[in-house]
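What follows is a set of notes on a single structure, which appears directly below.
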Amino acid sequence: MTSAETADRRATLRRGPRRAREIAVVAGGTVLVALLVILLSTRAAHHVNHVPLSSSPRPVTVVPVRATQYRTTRRYVGAVEPWVEAAVGPQYVSAYVQTVTVRPGVAVRRGDVLATLDCSHPSAATRAVEMKAQAIDAQMKAAADEAQRVASMLDGGFVAANEAEQKQAASTAAKAELMETRANLLKASLDVRDCVLRSPFDGEIGTRSFDPGAFVHPGASIVSVVDRSVVRVTVDAPEKDFDALVPSTVVDIDVLATGARLSAPISRRAPRADPRTRTIHFEVDVPDPDRRYPVATTAIVKVAVGQPVAATEVPLYAATQEEGKAKLFVVADGVAHARTVPVLGESGGSLFVDPAALPSGSLVVSEGRALLEDGDEVRTVTESPVDAGPAPLPRGGGYGRPM
């Protein structure tokens, strides 16, 4: 045997034990994987739900409904307006704004100067008319004296009657011209007074539309003044609600700008409808000595009509409304029953239904009803019932201007 063959034989003998160890490791790993697969399969089999979901009770939340009273109301969108408002600006002259002494929010008194105009030209024109009036006055007096002297000479035959009549006519014409000039002087003085703009009443500045240097024309509003000692809530309602809007009827008002809620009687109602919109205008006066309510804002006015009737109060989210009826689920003996009940009205988060169709104390499904069907078994969790306090004025329908 050669040395090469001897070396190969020895290498083969050394690889034998190592190969046996590799085969043993692979076999052991295979056994462990098989055991792990069997263990996981067994564990998963224990967690499989073999009971159909349709046969298990469905978890839902229910709320007991309560008996209350419902009164039909009308709901309108109105506006909060000041008791009186004035747009202050020139009415006779066109001129440059010289000064504006106030800004929005400033309280003013009657007679306070709000703005001035550059009235150099109206002032000069007034002075010229005044001088002209003085000249015509002197001419009229001279003409009157001359006419009187000529008339005294008429009896002696020193002058003709025609001459005396002409002198009297000249005197009368001078007097008429003087009166015309005085009227022009009065007009010119009005133009001058128009150059100093004053507050017409006690109030607050609402808007400021021009600054010094602007050129304004008659009718332009430089500033506006509002009186909020009393605010008026004005509403235009459908003509069919005329009888429900009797003056002195107490209404509820929500001022959206501040969130304030108040009650006040109707102060006045128009005797005729607007021919274009067929709506009845009515107003509610609200005293506001502290100036809490901003004007030109929105107010929601609710007017109760009719007599209170018995009703069952249901959370609004527990029912679906369609054509004056509500669809809901009532739970009895662990089973959910679909019901369709007549709706009387709604208010805020509550729905008011016919108590004959849904008695007080019934358990109504409030959460989980989307997956329910009539006759499903349920597992209930009861939530707090509807607040048993006095029911708010329900909303019988929305009328008035669009919200």
Side-chain angles (χ1 to χ4, degrees), residues 53-54 56-77 238 241 244 250-254 256 259 261-263 300-400 402-403:
L53 293 178
S54 58
S56 61
R58 298 180 182 275
V60 296
T61 302
V62 297
V63 58
V65 298
R66 73 179 183 92
T68 184
Q69 287 188 328
Y70 170 79
R71 189 177 184 185
T72 304
T73 65
R74 297 290 184 263
R75 185 172 180 266
Y76 313 98
V77 180
D241 293 342
V250 177
V251 301
D252 290 333
I253 303 172
D254 293 338
L256 296 189
R261 294 185 176 181
L262 49 95
S263 297
I300 305 299
V301 179
K302 301 175 184 177
V303 183
V305 298
Q307 297 297 323
V309 296
T312 300
E313 186 176 359
V314 180
L316 191 60
Y317 56 83
T320 302
Q321 295 188 67
E322 183 179 347
E323 298 181 354
K325 295 184 179 181
K327 296 181 179 180
L328 45 80
F329 285 92
V330 179
V331 176
D333 298 328
V335 178
H337 302 280
R339 295 279 184 85
T340 301
V341 297
V343 175
L344 301 178
E346 69 175 79
S347 174
S350 297
L351 186 69
F352 298 86
V353 301
D354 187 354
L358 185 65
S360 174
S362 300
L363 297 179
V364 175
V365 176
S366 59
E367 296 181 10
R369 61 189 180 90
L371 301 178
L372 283 181
E373 294 183 1
D374 187 25
D376 285 349
E377 295 184 0
V378 294
R379 184 175 67 254
T380 62
V381 175
T382 305
E383 65 173 310
S384 300
V386 177
D387 185 10
L393 280 176
R395 186 179 68 191
Y399 300 96
M403 294 185 62

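The structure presented is a predicted model; accordingly, all values stated were derived computationally and were not measured.
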Check the side chains of Glu313 and Ser350 for a donor-acceptor pair under 3.5 angstrom, ignoring hydrogens and angles.
yes
To the nearest 0.5 Å, what is the distance between [atom1] ([X]) and [atom2] ([Y])?
| X | Y | atom1 | atom2 | result |
| --- | --- | --- | --- | --- |
| Thr72 | Gln307 | OG1 | CD | 10.5 Å |
| Asp252 | Lys302 | CG | NZ | 7.0 Å |
| Glu377 | Asp333 | CD | CG | 11.0 Å |
| Arg58 | Asp376 | CZ | CG | 5.0 Å |

In chain order, what residues pass the side chain to side chain donor-acceptor pair (under 3.5 Å) check against [X], with sequence neighbours excluded?
| X | value |
| --- | --- |
| Arg369 | Thr320 |
| Thr380 | none |
| Gln321 | Glu346 |

Mind checking whether Val251 and Tyr76 have side chains closer than 4.5 Å, heavy atoms only?
no
Provide the closest heavy-atom pair for [X] versus [Y] in the form atom of the first, atom of the second, distance.
| X | Y | value |
| --- | --- | --- |
| Gly361 | Pro64 | O-CB, 4.4 Å |
| Ala326 | Leu351 | CB-CD2, 3.7 Å |
| Phe329 | Leu372 | CZ-O, 3.6 Å |
| Val250 | Ser263 | CG1-CB, 4.1 Å |
| Leu344 | Val353 | CD1-O, 3.8 Å |
| Ala244 | Val303 | O-CG1, 3.8 Å |

Measure from the side-chain N and O atoms of Thr312 to the backbone N and O of Leu358, and report whether any donor-acceptor pair falls under 3.5 Å.
yes
Look only at the side chain of Ser366 and the backbone of Thr61, and say whether a donor-acceptor pair between them is shorter than 3.5 Å.
yes
Evaluate the side chain to side chain contact (heavy atoms under 4.5 Å, CB included) criterion for residues Ile300 and Val77: first the C-alpha distance (whole Å), next the side-chain angles of each, then the deciding distance (0.1 Å), finally the verdict.
CA-CA 5 Å; Ile300 305 299; Val77 180; 3.9 Å; yes
Could you give me the CA-CA distance, side-chain angles and deciding distance for Val378 and Val365, then say whether side chain to side chain contact (heavy atoms under 4.5 Å, CB included) is met?
CA-CA 10 Å; Val378 294; Val365 176; 5.8 Å; no
Looking at residues at least two apart in the chain, or sitting in another chain, which of them share a salt bridge (Lys or Arg N to Asp or Glu O under 4.0 Å) with Lys327?
Glu322
Suppose the criterion is side-chain hydrogen bond (donor to acceptor under 3.5 Å, both in side chains): which pairs have a residue in residues 352-362, not counting sequence neighbours?
none
Which atom pairs, one a donor and one an acceptor, fall under 3.5 Å between side chains of residues 334-343 and the rest of the protein, sequence neighbours left out?
none

